[in-house]
Enquirer: 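Before I ask anything, here is the structure I am working with.
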Amino acid sequence: TLATATPVAAAKQASHDDGAVQKHEVSVADMHGNWDAFRFAPIRESQVSRAMTRRYFADLDAHAESDVVIVGAGSCGLSTAYVLARRRPDLRIAIVEASVSPGGGAWLGGQLFSAMVMRKPADAFLREVGVPYEDEGAYVVVKHAALFTSTLLSKVLLMPNVKLFNATCVEDLITRPGEDGDEEGIRVAGVVTNWTLVSMHHDDQSCMDPNTINAPIVISTTGHDGPMGAFCVKRLVSMQRIEKLGGMRGLDMNAAEDAIVKNTREIVPGLIVGGMELSEVDGANRMGPTFGAMALSGVKAAEEALKVFEL
Ligand code: AHZ
(Lines give C-alpha, C1' and ligand atoms only; values in the text may rest on other atoms or scores of the structure.)
Protein backbone atom coordinates (compact mmCIF):
# COMPACT_ATOMS: atom_id res chain seq x y z
CA THR A 1 0.00 0.00 0.00
CA LEU A 2 0.95 3.66 -0.30
CA ALA A 3 1.13 3.93 3.51
CA THR A 4 3.73 1.16 3.98
CA ALA A 5 5.84 2.70 1.19
CA THR A 6 6.49 5.88 3.20
CA PRO A 7 9.82 6.11 5.05
CA VAL A 8 8.13 6.44 8.46
CA ALA A 9 5.98 3.36 7.88
CA ALA A 10 9.03 1.43 6.68
CA ALA A 11 10.89 2.47 9.83
CA LYS A 12 8.02 1.26 12.01
CA GLN A 13 8.04 -2.06 10.21
CA ALA A 14 11.83 -2.38 10.65
CA SER A 15 11.67 -1.72 14.38
CA HIS A 16 8.84 -4.28 14.71
CA ASP A 17 10.92 -6.88 12.88
CA ASP A 18 13.99 -6.16 15.02
CA GLY A 19 12.00 -6.88 18.16
CA ALA A 20 11.47 -10.41 16.88
CA VAL A 21 15.16 -10.87 15.96
CA GLN A 22 16.37 -9.79 19.42
CA LYS A 23 14.44 -12.63 21.09
CA HIS A 24 16.88 -15.19 19.63
CA GLU A 25 19.89 -15.41 21.96
CA VAL A 26 23.16 -16.97 20.82
CA SER A 27 26.16 -17.74 22.96
CA VAL A 28 29.72 -16.73 22.01
CA ALA A 29 30.49 -20.46 21.65
CA ASP A 30 27.84 -20.66 18.87
CA MET A 31 29.96 -18.24 16.80
CA HIS A 32 33.10 -20.37 16.77
CA GLY A 33 33.86 -21.66 13.28
CA ASN A 34 30.64 -20.13 11.97
CA TRP A 35 31.90 -16.76 10.70
CA ASP A 36 30.71 -17.19 7.09
CA ALA A 37 27.11 -17.18 8.27
CA PHE A 38 27.75 -14.39 10.75
CA ARG A 39 25.63 -11.25 10.67
CA PHE A 40 24.45 -8.72 13.24
CA ALA A 41 20.75 -8.33 13.97
CA PRO A 42 19.50 -5.62 11.58
CA ILE A 43 19.03 -2.10 12.88
CA ARG A 44 17.80 1.23 11.66
CA GLU A 45 19.96 4.26 12.53
CA SER A 46 17.05 6.06 14.17
CA GLN A 47 16.66 3.18 16.61
CA VAL A 48 20.19 3.79 17.89
CA SER A 49 19.48 7.49 18.31
CA ARG A 50 16.21 6.86 20.07
CA ALA A 51 17.66 4.17 22.34
CA MET A 52 20.11 6.78 23.66
CA THR A 53 18.11 10.00 23.60
CA ARG A 54 14.94 8.53 25.11
CA ARG A 55 16.89 7.25 28.11
CA TYR A 56 18.99 10.39 28.50
CA PHE A 57 16.04 12.74 28.48
CA ALA A 58 14.07 10.47 30.82
CA ASP A 59 17.08 10.59 33.18
CA LEU A 60 17.34 14.38 32.86
CA ASP A 61 13.63 14.65 33.58
CA ALA A 62 13.76 12.32 36.60
CA HIS A 63 16.90 13.90 38.08
CA ALA A 64 15.82 17.51 37.67
CA GLU A 65 14.56 16.85 41.22
CA SER A 66 17.20 14.75 42.97
CA ASP A 67 17.77 13.97 46.64
CA VAL A 68 21.54 14.35 46.39
CA VAL A 69 23.85 15.77 43.72
CA ILE A 70 27.49 14.69 43.90
CA VAL A 71 29.75 17.07 41.99
CA GLY A 72 32.85 15.29 40.64
CA ALA A 73 33.34 11.56 40.07
CA GLY A 74 36.90 11.21 41.36
CA SER A 75 37.92 8.76 44.08
CA CYS A 76 36.11 10.77 46.75
CA GLY A 77 32.90 11.39 44.76
CA LEU A 78 32.60 7.74 43.68
CA SER A 79 33.23 6.52 47.24
CA THR A 80 30.53 8.89 48.48
CA ALA A 81 28.07 7.63 45.87
CA TYR A 82 28.80 3.99 46.69
CA VAL A 83 28.11 4.37 50.42
CA LEU A 84 25.10 6.66 50.03
CA ALA A 85 23.37 4.66 47.32
CA ARG A 86 23.86 1.35 49.15
CA ARG A 87 22.67 2.65 52.48
CA ARG A 88 19.65 4.44 51.02
CA PRO A 89 18.41 2.80 47.80
CA ASP A 90 15.36 5.05 48.03
CA LEU A 91 17.41 8.24 47.43
CA ARG A 92 17.72 9.57 43.89
CA ILE A 93 21.38 10.45 43.36
CA ALA A 94 22.86 12.39 40.43
CA ILE A 95 26.63 12.49 39.87
CA VAL A 96 27.78 15.37 37.68
CA GLU A 97 31.27 14.91 36.20
CA ALA A 98 32.89 17.55 33.99
CA SER A 99 35.17 15.13 32.20
CA VAL A 100 34.14 12.54 29.62
CA SER A 101 35.89 9.91 31.72
CA PRO A 102 34.82 9.52 35.34
CA GLY A 103 37.54 8.64 37.89
CA GLY A 104 39.39 11.94 38.35
CA GLY A 105 43.00 11.41 39.42
CA ALA A 106 42.52 7.77 40.44
CA TRP A 107 43.41 5.98 37.21
CA LEU A 108 47.05 5.97 38.26
CA GLY A 109 48.58 5.66 41.72
CA GLY A 110 50.82 8.70 41.38
CA GLN A 111 52.96 10.29 38.67
CA LEU A 112 52.87 7.61 35.93
CA PHE A 113 53.01 4.64 38.33
CA SER A 114 50.17 2.16 38.33
CA ALA A 115 49.99 0.74 41.88
CA MET A 116 47.65 2.50 44.34
CA VAL A 117 48.56 2.87 48.02
CA MET A 118 45.97 3.12 50.79
CA ARG A 119 46.94 3.52 54.43
CA LYS A 120 45.05 1.51 57.01
CA PRO A 121 42.25 1.59 58.05
CA ALA A 122 41.09 2.44 54.49
CA ASP A 123 41.60 -1.26 53.62
CA ALA A 124 38.13 -1.72 55.18
CA PHE A 125 36.64 0.21 52.25
CA LEU A 126 38.49 -1.98 49.72
CA ARG A 127 37.09 -5.10 51.36
CA GLU A 128 33.59 -3.66 51.30
CA VAL A 129 33.80 -2.79 47.59
CA GLY A 130 35.61 -6.04 46.72
CA VAL A 131 38.96 -4.68 45.52
CA PRO A 132 41.88 -7.10 46.14
CA TYR A 133 45.13 -5.80 47.65
CA GLU A 134 48.49 -6.81 49.09
CA ASP A 135 48.88 -6.22 52.83
CA GLU A 136 52.10 -4.38 53.66
CA GLY A 137 51.44 -3.83 57.39
CA ALA A 138 50.51 -0.17 57.92
CA TYR A 139 49.28 0.18 54.36
CA VAL A 140 47.89 -1.91 51.50
CA VAL A 141 48.62 -1.83 47.76
CA VAL A 142 46.12 -2.36 44.94
CA LYS A 143 48.06 -3.72 41.95
CA HIS A 144 46.62 -1.09 39.60
CA ALA A 145 44.77 2.10 40.49
CA ALA A 146 42.52 1.41 37.50
CA LEU A 147 41.37 -1.78 39.25
CA PHE A 148 40.18 0.30 42.21
CA THR A 149 38.52 2.92 40.02
CA SER A 150 36.88 0.54 37.56
CA THR A 151 35.57 -1.79 40.30
CA LEU A 152 34.12 1.10 42.32
CA LEU A 153 32.74 2.76 39.19
CA SER A 154 31.07 -0.41 37.96
CA LYS A 155 29.38 -0.99 41.33
CA VAL A 156 28.15 2.61 41.44
CA LEU A 157 26.85 2.51 37.86
CA LEU A 158 24.95 -0.73 38.54
CA MET A 159 22.96 0.87 41.34
CA PRO A 160 19.48 1.69 40.07
CA ASN A 161 19.23 4.88 42.14
CA VAL A 162 22.36 6.52 40.69
CA LYS A 163 22.73 8.37 37.40
CA LEU A 164 26.11 9.62 36.19
CA PHE A 165 25.96 12.69 33.95
CA ASN A 166 29.49 12.81 32.54
CA ALA A 167 30.80 15.43 30.10
CA THR A 168 28.58 17.75 32.15
CA CYS A 169 29.88 20.36 34.51
CA VAL A 170 28.48 22.27 37.43
CA GLU A 171 28.85 25.92 36.50
CA ASP A 172 26.95 27.48 39.39
CA LEU A 173 25.05 26.73 42.58
CA ILE A 174 21.32 27.22 43.15
CA THR A 175 20.87 29.13 46.41
CA ARG A 176 18.05 30.20 48.69
CA PRO A 177 18.05 32.84 51.45
CA GLY A 178 19.37 31.61 54.80
CA GLU A 179 17.00 30.43 57.45
CA ASP A 180 15.63 32.21 60.56
CA GLY A 181 16.66 35.80 59.88
CA ASP A 182 20.25 34.93 58.87
CA GLU A 183 20.40 37.75 56.28
CA GLU A 184 23.96 37.04 55.18
CA GLY A 185 23.38 33.32 54.95
CA ILE A 186 22.32 31.10 52.11
CA ARG A 187 21.23 27.54 51.70
CA VAL A 188 22.47 25.57 48.69
CA ALA A 189 19.46 24.07 46.95
CA GLY A 190 20.91 22.43 43.84
CA VAL A 191 23.29 22.98 40.94
CA VAL A 192 23.38 24.73 37.59
CA THR A 193 24.80 22.44 34.90
CA ASN A 194 25.91 22.61 31.32
CA TRP A 195 27.54 20.26 28.89
CA THR A 196 31.26 20.78 29.49
CA LEU A 197 31.91 21.62 25.84
CA VAL A 198 29.32 24.39 26.13
CA SER A 199 30.79 25.71 29.40
CA MET A 200 34.18 25.90 27.68
CA HIS A 201 32.75 28.17 25.00
CA HIS A 202 30.87 30.82 26.97
CA ASP A 203 33.51 33.36 25.90
CA ASP A 204 33.25 32.84 22.16
CA GLN A 205 29.59 31.93 21.63
CA SER A 206 26.55 34.00 22.49
CA CYS A 207 24.23 32.95 25.26
CA MET A 208 23.94 29.19 25.80
CA ASP A 209 21.86 28.98 28.93
CA PRO A 210 22.33 26.18 31.41
CA ASN A 211 20.23 23.45 32.96
CA THR A 212 19.41 22.90 36.62
CA ILE A 213 19.06 20.14 39.20
CA ASN A 214 17.23 20.90 42.42
CA ALA A 215 18.40 18.92 45.44
CA PRO A 216 18.32 19.50 49.21
CA ILE A 217 21.91 18.22 49.50
CA VAL A 218 24.88 18.88 47.22
CA ILE A 219 28.16 17.06 47.94
CA SER A 220 31.11 18.71 46.25
CA THR A 221 34.24 16.64 45.59
CA THR A 222 35.86 18.56 42.73
CA GLY A 223 39.48 18.15 43.87
CA HIS A 224 42.11 20.78 44.60
CA ASP A 225 42.39 24.00 42.61
CA GLY A 226 43.22 23.74 38.94
CA PRO A 227 41.43 24.48 35.66
CA MET A 228 38.17 22.98 37.02
CA GLY A 229 39.00 21.98 40.59
CA ALA A 230 37.65 23.36 43.88
CA PHE A 231 34.72 24.70 41.92
CA CYS A 232 32.04 24.95 44.59
CA VAL A 233 34.22 26.46 47.31
CA LYS A 234 35.63 29.04 44.86
CA ARG A 235 32.04 29.96 44.00
CA LEU A 236 31.27 30.41 47.73
CA VAL A 237 34.10 32.98 47.86
CA SER A 238 32.94 34.86 44.75
CA MET A 239 29.39 35.05 46.15
CA GLN A 240 30.93 36.34 49.42
CA ARG A 241 29.60 33.46 51.46
CA ILE A 242 33.08 32.57 52.72
CA GLU A 243 35.72 35.28 52.96
CA LYS A 244 38.67 33.49 51.35
CA LEU A 245 40.15 30.08 50.77
CA GLY A 246 42.89 28.79 53.06
CA GLY A 247 44.80 27.44 50.03
CA MET A 248 46.19 23.93 49.85
CA ARG A 249 49.50 23.58 51.74
CA GLY A 250 52.59 21.48 50.94
CA LEU A 251 52.79 17.71 51.06
CA ASP A 252 52.59 15.94 54.44
CA MET A 253 50.98 12.51 54.14
CA ASN A 254 50.39 12.00 57.86
CA ALA A 255 48.85 15.41 58.56
CA ALA A 256 46.91 15.60 55.30
CA GLU A 257 44.99 12.34 55.34
CA ASP A 258 43.73 12.68 58.93
CA ALA A 259 42.72 16.31 58.32
CA ILE A 260 40.75 15.62 55.14
CA VAL A 261 38.68 12.87 56.76
CA LYS A 262 38.12 14.78 60.01
CA ASN A 263 37.16 18.02 58.23
CA THR A 264 34.71 16.49 55.75
CA ARG A 265 31.57 18.46 56.62
CA GLU A 266 28.66 20.67 55.61
CA ILE A 267 30.41 23.97 54.83
CA VAL A 268 27.23 25.98 54.31
CA PRO A 269 23.71 24.61 54.75
CA GLY A 270 23.02 22.17 51.93
CA LEU A 271 26.66 21.91 50.74
CA ILE A 272 28.91 19.11 52.03
CA VAL A 273 32.53 19.20 50.83
CA GLY A 274 34.85 16.18 50.70
CA GLY A 275 38.18 15.05 49.22
CA MET A 276 40.90 17.48 48.11
CA GLU A 277 38.45 20.35 47.55
CA LEU A 278 38.49 20.62 51.34
CA SER A 279 42.23 21.31 51.44
CA GLU A 280 41.52 24.58 49.62
CA VAL A 281 38.95 25.67 52.21
CA ASP A 282 40.91 24.76 55.30
CA GLY A 283 44.49 25.32 54.16
CA ALA A 284 45.20 21.61 54.71
CA ASN A 285 48.27 19.80 53.43
CA ARG A 286 48.19 17.59 50.36
CA MET A 287 49.03 13.91 50.68
CA GLY A 288 50.28 13.08 47.19
CA PRO A 289 49.60 9.55 45.93
CA THR A 290 47.95 7.87 48.91
CA PHE A 291 44.22 7.45 48.47
CA GLY A 292 42.80 6.22 51.80
CA ALA A 293 41.60 9.68 52.80
CA MET A 294 39.67 10.05 49.54
CA ALA A 295 37.74 6.82 50.18
CA LEU A 296 37.08 7.57 53.86
CA SER A 297 36.23 11.23 53.23
CA GLY A 298 33.62 9.80 50.84
CA VAL A 299 32.31 7.51 53.58
CA LYS A 300 32.04 10.50 55.94
CA ALA A 301 30.45 12.78 53.33
CA ALA A 302 27.80 10.11 52.75
CA GLU A 303 27.22 9.85 56.49
CA GLU A 304 26.82 13.64 56.79
CA ALA A 305 24.20 13.54 54.03
CA LEU A 306 22.41 10.61 55.67
CA LYS A 307 22.01 12.67 58.86
CA VAL A 308 19.91 15.16 56.89
CA PHE A 309 17.62 12.45 55.52
CA GLU A 310 17.34 10.73 58.88
CA LEU A 311 16.12 13.93 60.67
O1 AHZ B 1 36.80 16.42 36.42
C2 AHZ B 1 36.94 16.56 37.82
C3 AHZ B 1 37.38 15.27 38.52
O4 AHZ B 1 36.94 14.12 37.84
C5 AHZ B 1 35.60 16.82 38.51
N6 AHZ B 1 35.18 18.25 38.48
C7 AHZ B 1 35.92 19.35 38.77
N8 AHZ B 1 35.20 20.47 38.66
C9 AHZ B 1 33.95 20.08 38.28
C10 AHZ B 1 32.75 20.78 38.00
N11 AHZ B 1 31.65 20.07 37.63
C12 AHZ B 1 31.72 18.70 37.55
N13 AHZ B 1 32.67 22.13 38.07
C14 AHZ B 1 33.94 18.66 38.18
N15 AHZ B 1 32.85 17.99 37.82
O16 AHZ B 1 35.82 16.46 39.86
C17 AHZ B 1 36.68 15.34 39.89
C18 AHZ B 1 37.66 15.52 41.04
O19 AHZ B 1 38.39 14.35 41.18
P20 AHZ B 1 39.87 14.37 41.78
O21 AHZ B 1 40.40 12.99 41.64
O22 AHZ B 1 40.63 15.51 41.20
O23 AHZ B 1 39.61 14.77 43.32
P24 AHZ B 1 39.44 13.88 44.65
O25 AHZ B 1 39.33 14.86 45.76
O26 AHZ B 1 38.36 12.85 44.51
O27 AHZ B 1 40.82 13.09 44.71
C28 AHZ B 1 42.01 13.79 44.88
C29 AHZ B 1 43.17 12.85 44.67
C30 AHZ B 1 44.45 13.39 45.19
S31 AHZ B 1 45.06 14.89 44.72
C32 AHZ B 1 46.43 14.67 45.74
C33 AHZ B 1 47.50 15.68 45.81
O34 AHZ B 1 47.53 16.60 44.94
O35 AHZ B 1 48.32 15.60 46.74
N36 AHZ B 1 46.40 13.53 46.38
C37 AHZ B 1 45.30 12.79 46.11
C38 AHZ B 1 45.05 11.45 46.71
Side-chain angles (χ1 to χ4, degrees), residues 69-82 94-111 113 115-119 122 125 139 142 145-146 148-149 152-153 156 164-173 190-200 202 210-211 213 218-236 238 247-257 259-261 263-264 271-282 284-301:
V69 177
I70 297 171
V71 190
S75 45
C76 183
L78 290 174
S79 303
T80 307
Y82 177 85
I95 308 176
V96 182
E97 167 52 54
S99 176
V100 170
S101 55
W107 290 110
L108 287 166
Q111 208 202 15
F113 303 123
M116 174 182 264
V117 173
M118 283 210 188
R119 293 164 59 208
F125 186 73
Y139 63 95
V142 180
F148 167 77
T149 301
L152 179 59
L153 185 59
V156 166
L164 168 68
F165 294 99
N166 49 332
T168 305
C169 80
V170 166
E171 58 175 38
D172 207 349
L173 297 171
V191 294
V192 177
T193 69
N194 220 324
W195 280 303
T196 304
L197 292 177
V198 172
S199 290
M200 289 165 70
H202 283 314
N211 213 340
I213 303 178
V218 174
I219 304 177
S220 191
T221 63
T222 67
H224 58 66
D225 202 2
M228 300 293 283
F231 178 81
C232 290
V233 297
K234 285 195 286 191
R235 186 68 182 106
L236 290 181
S238 65
M248 183 177 72
R249 305 292 159 84
L251 193 151
D252 179 341
M253 289 183 183
N254 287 296
E257 291 214 276
I260 293 294
V261 177
N263 292 336
T264 299
L271 182 74
I272 295 165
V273 178
M276 284 308 281
E277 185 166 357
L278 262 181
S279 70
E280 299 290 355
V281 184
D282 296 330
N285 295 99
R286 68 191 300 194
M287 70 288 296
T290 162
F291 284 82
M294 297 304 111
L296 298 188
S297 171
V299 174
K300 191 172 177 208

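Reckoned from all heavy atoms, side chains included, excluding hydrogens, waters and symmetry mates. Both counts, for ligands and for their atoms, begin at 1 and track the order of listing.
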Enquirer: Does Trp195, at its CH2 atom, have more than 12 non-hydrogen atoms belonging to other residues, nucleotides or ligands within less than 6.0 Å?
Expert: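 No, CH2 of Trp195 has 12 or fewer neighbouring heavy atoms, counting only those of other groups under 6.0 Å.
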Enquirer: Mark yes or no for whether Thr221, through its side chain, and Gly275, through its backbone, hold a donor-acceptor pair below 3.5 Å.
Expert: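 Side chain of Thr221 to backbone of Gly275: no pair is present.
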Enquirer: Considering the options Thr222, Leu164, Val170, which one meets the side-chain contact (heavy atoms from CB on, under 4.5 Å) requirement together with Val96?
Expert: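 The single option meeting the side-chain contact (heavy atoms from CB on, under 4.5 Å) with Val96 is Val170.
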Enquirer: List below, pair by pair, the N or O atoms of ligand 1 and of the protein that are less than 3.5 Å apart, including the distance to 0.1 Å; reply 'none' if no pair qualifies.
Expert:
residue	atom	partner	partner atom	Å
ligand 1	1 (O)	Glu97	OE2	2.6
ligand 1	4 (O)	Glu97	OE1	2.7
ligand 1	4 (O)	Glu97	OE2	3.0
ligand 1	8 (N)	Met228	O	3.2
ligand 1	11 (N)	Val170	N	2.9
ligand 1	13 (N)	Val170	O	3.0
ligand 1	15 (N)	Ala98	N	3.0
ligand 1	21 (O)	Gly105	N	2.8
ligand 1	25 (O)	Met276	N	2.9
ligand 1	26 (O)	Ser75	N	3.4
ligand 1	26 (O)	Cys76	N	3.0
ligand 1	34 (O)	His224	NE2	3.0
ligand 1	34 (O)	Arg286	NE	3.2
ligand 1	34 (O)	Arg286	NH2	2.7
ligand 1	35 (O)	Arg286	NE	2.9
ligand 1	35 (O)	Gly288	N	2.8
ligand 1	36 (N)	Gly288	O	2.9

Enquirer: Take Met287 and Met276, measure what side chain to side chain contact (heavy atoms under 4.5 Å, CB included) needs, and give me the verdict at the end.
Expert: CA-CA 9 Å; Met287 70 288 296; Met276 284 308 281; 3.5 Å; yes
Enquirer: List in chain and number order the residues that pass side chain to side chain contact (heavy atoms under 4.5 Å, CB included) with Val299, two or more places apart in sequence or in another chain; answer none if no residue qualifies.
Expert: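 Applying side chain to side chain contact (heavy atoms under 4.5 Å, CB included) to Val299 gives Val83, Phe125, Leu296, Glu303.
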Enquirer: Quick one: does Glu277's side chain have a donor or acceptor within less than 3.5 Å of a partner on Val233's backbone?
Expert: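 Confirmed, Glu277 side chain pairs with Val233 backbone.
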